[in-house]
Number of protein chains: 2
Amino acid sequence: MVRKPTSKESARKPNMREAILAAAEELFATNGFNAVSVRDIAQAAGANPGSVTYHFKTKDGLLLEIYRRHCGPMNLRRSELLAAAKRVRDLQDRLEAIVRAYVVPAFTSGSDLAGGGARFTRLRAVMSAEGNEVARKIIAQTFDDTSHAFIDAIHESLPHIPRTDIVWRSHFLLGALYYSLVTPDRVSRLSRGEADGSDAAGAIEQLVQATVAAFQAPALDQAAPTRRRPVVSSKT
Amino acid sequence: MVRKPTSKESARKPNMREAILAAAEELFATNGFNAVSVRDIAQAAGANPGSVTYHFKTKDGLLLEIYRRHCGPMNLRRSELLAAAKRVRDLQDRLEAIVRAYVVPAFTSGSDLAGGGARFTRLRAVMSAEGNEVARKIIAQTFDDTSHAFIDAIHESLPHIPRTDIVWRSHFLLGALYYSLVTPDRVSRLSRGEADGSDAAGAIEQLVQATVAAFQAPALDQAAPTRRRPVVSSKT
DNA sequence: ATGTGATTTGTACTATCGTACAAAAGATCA
DNA sequence: TGATCTTTTGTACGATAGTACAAATCACAT
């Protein structure tokens with residue numbers, strides 16, 4: 001069923017605005033913000049540089065719109081999955097469900113964009129590495145609530161672990177998640193072709209498995225400053 | 001004892017070349033490669049822009065020299081620690097020692113630069129996120145051997161885990177390591193001040209504890225395509 | 001068909017980028 | 001001291017950056 005566009009949602013060519021957004025997302029996610037010029041984006045989208053200015057005013061505005069486009073749906077989906085996960089009775093299964101609720105929306109799409117989830121998450125990873133100011137503001141005020149919700153949920157299913165440890169481990173989870181999306185080829189290379197780093201389903205399973213175990217690790221006894229663990233000399 | 005410089009290792013001002021390297025390292029690590037101009041670096045080092053060209057020819061050459069400066073010492077230290085770790089008898093302790101041998105040199109300095117280890121590792125994280133070509137080449141040909149050595153060592157102390165899983169989990173380790181250095185403030189924020197994300201010793205302990213547990217997680221039974229794990233519906 | 005508002009195009013402006021290069025200044029040693 | 005080499009400085013050049021803006025073009029209601 002081909003729907004006739006009501007009035008303003010379609011441009012001359014089929015949605016040039018969307019094409020610009022998609023191209024910018026892809027280029028920013030793979031090359032960083034500063035390495036990509038407005039002209040690069042326009043060319044990749046088959047548009048005129050001035051068209052970018054028309055739709056998004058500035059380059060920062062374009063980045064802002066990319067975030068606006070994805071943050072809502074992704075957080076919504078995470079909330080849904082988290083709520084469902086919290087209803088799982090078995091504690092071990094619940095923990096895994098919670099981790100999965102955090103990981104899955106980052107790989108699969110939160111909205112209807114094809115493959116948009118992984119691409120946007122990779123974009124977030126790159127912006128965070130570059131210390132992008134626009135991204136930093138949005139992230140802190142958009143994702144911190146969600147992060148706290150997950151941390152609390154995990155803490156409830158692991159009451160004997162101090163919250164500080166949970167925070168660290170969920171931080172590690174996000175780092176691992178980011179890095180898997182940034183350099184999937186490294187996994188393929190180091191496994192000598194036995195694993196495919198760009199296989200989202202495989203990455204999710206590996207990540208969930210490893211992360212659940214990490215969360216279940218015994219707590220760090222921060223009370224004991226004296227070193228209890230084995231130490232290895234640096235001299236051969 | 002003040003040593004008179006033999007001839008060419010000292011410039012007019014005390015080692016301007018080193019100052020430029022340090023400034024570039026710091027700026028690249030916090031803002032990315034493309035966001036930092038040669039003029040920014042020169043100003044931060046108290047040097048003239050032309051001086052950067054004189055010492056390093058191009059901006060890429062400067063980045064290259066930063067890598068050359070650190071890769072050797074860091075890999076050497078890792079090799080030493082790994083060799084020592086492999087001599088640990090107890091399997092559990094050995095695994096922890098191996099992980100520690102991988103993590104510690106990334107935080108503490110591999111060479112004599114003050115705090116240079118963490119700064120350089122953060123630089124590597126940012127360059128990897130930006131997909132920097134110069135960095136990619138050096139990394140692949142400098143760190144892959146070391147990575148393989150660690151993967152093999154871990155595999156030996158966990159023979160029942162398939163190598164593929166070890167690769168994934170060590171990939172997660174590196175991602176977590178990178179991310180801890182990129183945004184330490186996030187840990188402080190999410191823990192509501194209870195943890196200090198920029199405390200290297202604390203980060204190391206948390207990372208080692210979590211990672212050892214992740215490595216010890218049961219293997220992913222990749223033979224069974226039928227889903228065995230609990231799945232949560234996305235609908236509330 | 002024609003007028004109107006939305007969009008695209010083409011071009012231009014200023015700022016800043018990486019880099020080159022000649023001149024100045026310092027260091028070294030006969 | 002003067003000759004020579006190394007390092008620093010100052011300036012300039014072409015390329016490209018982000019953005020602005022007027023003209024051209026399109027979609028569509030009348």
Side-chain angles (χ1 to χ4, degrees), chain A residues 2-25 27-28 30-66 126-127 130 132-135, chain B residues 2-25 27-28 30-67 127 130 132-135:
Chain A
V2 179
R3 183 177 57 90
K4 186 143 155 242
T6 53
S7 77
K8 60 173 51 179
E9 74 186 272
S10 129
R12 183 171 351 166
K13 299 291 178 61
N15 249 357
M16 182 56 87
R17 192 186 138 98
E18 293 298 325
I20 293 172
L21 277 170
E25 219 175 282
L27 288 173
F28 286 158
T30 50
N31 301 103
F33 184 77
N34 294 287
V36 177
S37 71
V38 173
R39 287 167 176 82
D40 291 336
I41 297 166
Q43 186 170 20
N48 189 284
S51 200
V52 178
T53 309
Y54 170 73
H55 283 292
F56 307 100
K57 199 64 186 172
T58 68
K59 199 183 171 190
D60 277 355
L62 173 56
L63 182 64
L64 203 73
E65 183 56 29
I66 292 174
V126 176
M127 293 303 119
E130 284 187 320
N132 185 287
E133 267 309 310
V134 177
Chain B
V2 177
R3 182 177 58 92
K4 183 140 160 247
T6 53
S7 78
K8 61 174 51 179
E9 74 185 273
S10 127
R12 180 172 351 164
K13 299 290 178 61
N15 247 358
M16 183 57 86
R17 191 186 138 97
E18 293 298 325
I20 293 172
L21 276 170
E25 218 175 284
L27 288 172
F28 286 159
T30 50
N31 300 104
F33 185 76
N34 294 286
V36 177
S37 72
V38 173
R39 287 167 176 85
D40 291 337
I41 297 167
Q43 185 170 20
N48 189 284
S51 200
V52 178
T53 309
Y54 170 74
H55 283 292
F56 307 100
K57 201 63 187 172
T58 67
K59 198 182 170 190
D60 277 354
L62 173 55
L63 181 63
L64 203 73
E65 183 55 31
I66 292 175
Y67 273 83
M127 293 304 119
E130 284 186 319
N132 186 288
E133 266 309 309
V134 177

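First the proteins, then the strands, lettered A, B, ... as listed; each starts at 1.
Side-chain contact between E130(B) and F28(B) is absent, with no heavy-atom pair separated by less than 4.5 Å.
Note: CD1 (I20(A)) to P (dT8(C)) measures 7 Å, nearest angstrom. Between the P atom of dG26(C) and the CE atom of M16(B) lies a distance of 13 Å, rounded to the nearest Å. In this structure, F56(B) places its CZ atom 11 Å from P of dT7(D), rounding to the nearest Å. The nearest whole Å value for the distance from the CD atom in E18(A) to the P atom in dT7(C) is 13 Å. Rounded to a whole Å, the CG atom of N48(B) is 14 Å from the P atom of dA25(C). Between the CG atom of L64(B) and the P atom of dG18(C) there is a distance of 17 Å, rounded to whole Å. Residue Q43(A) contributes atom CD, which lies 16 Å from atom C1' of dG10(C) at whole-angstrom precision.
Y67(B) is linked by a ring-ring contact (aromatic ring centres under 6.0 Å, His included) to F120(B), counting only residues two or more places apart in sequence or in another chain. In this view, L27(B) and N31(B), V36(B), D40(B), I41(B), A44(B) satisfy the side chain to side chain contact (heavy atoms under 4.5 Å, CB included) rule, not counting sequence neighbours. Remark: V134(A) engages D60(A), L63(A), L64(A), N132(A), I138(A) in a side chain to side chain contact (heavy atoms under 4.5 Å, CB included) (not counting sequence neighbours). Remark: T30(A) engages E26(A), R122(A) in a side chain to side chain contact (heavy atoms under 4.5 Å, CB included) (not counting sequence neighbours).
Within the structure, a side-chain polar atom (N or O) of H55(B) is placed less than 4.0 Å from OP1 or OP2 of dT8(D). Dashed line: the shortest gap from a side-chain N or O of Y54(B) to OP1 or OP2 of dT8(D) is not under 4.0 Å.
The two residues E65(A) and L21(A) come nearest to each other via the heavy atoms CG-CD2, 3.9 Å.
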Every protein N/O lying under 3.5 Å from an N/O of nucleotides 16-20 of chain D:
| from | atom 1 | to | atom 2 | distance (Å) |
| --- | --- | --- | --- | --- |
| dG18(D) | OP1 | K59(A) | NZ | 2.7 |
| dG18(D) | OP2 | V38(A) | N | 2.9 |
| dG18(D) | N7 | R39(A) | NH1 | 2.8 |
| dG18(D) | O6 | R39(A) | NH2 | 2.8 |
| dT19(D) | OP2 | K59(A) | N | 2.7 |
| dT19(D) | O4 | R39(A) | NH2 | 3.4 |

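For the helix from dA1(C)-dT30(D) to dA30(C)-dT1(D), the rotation axes defined at the first and last 5 base pairs enclose an angle of 0°, given to the nearest 10°.
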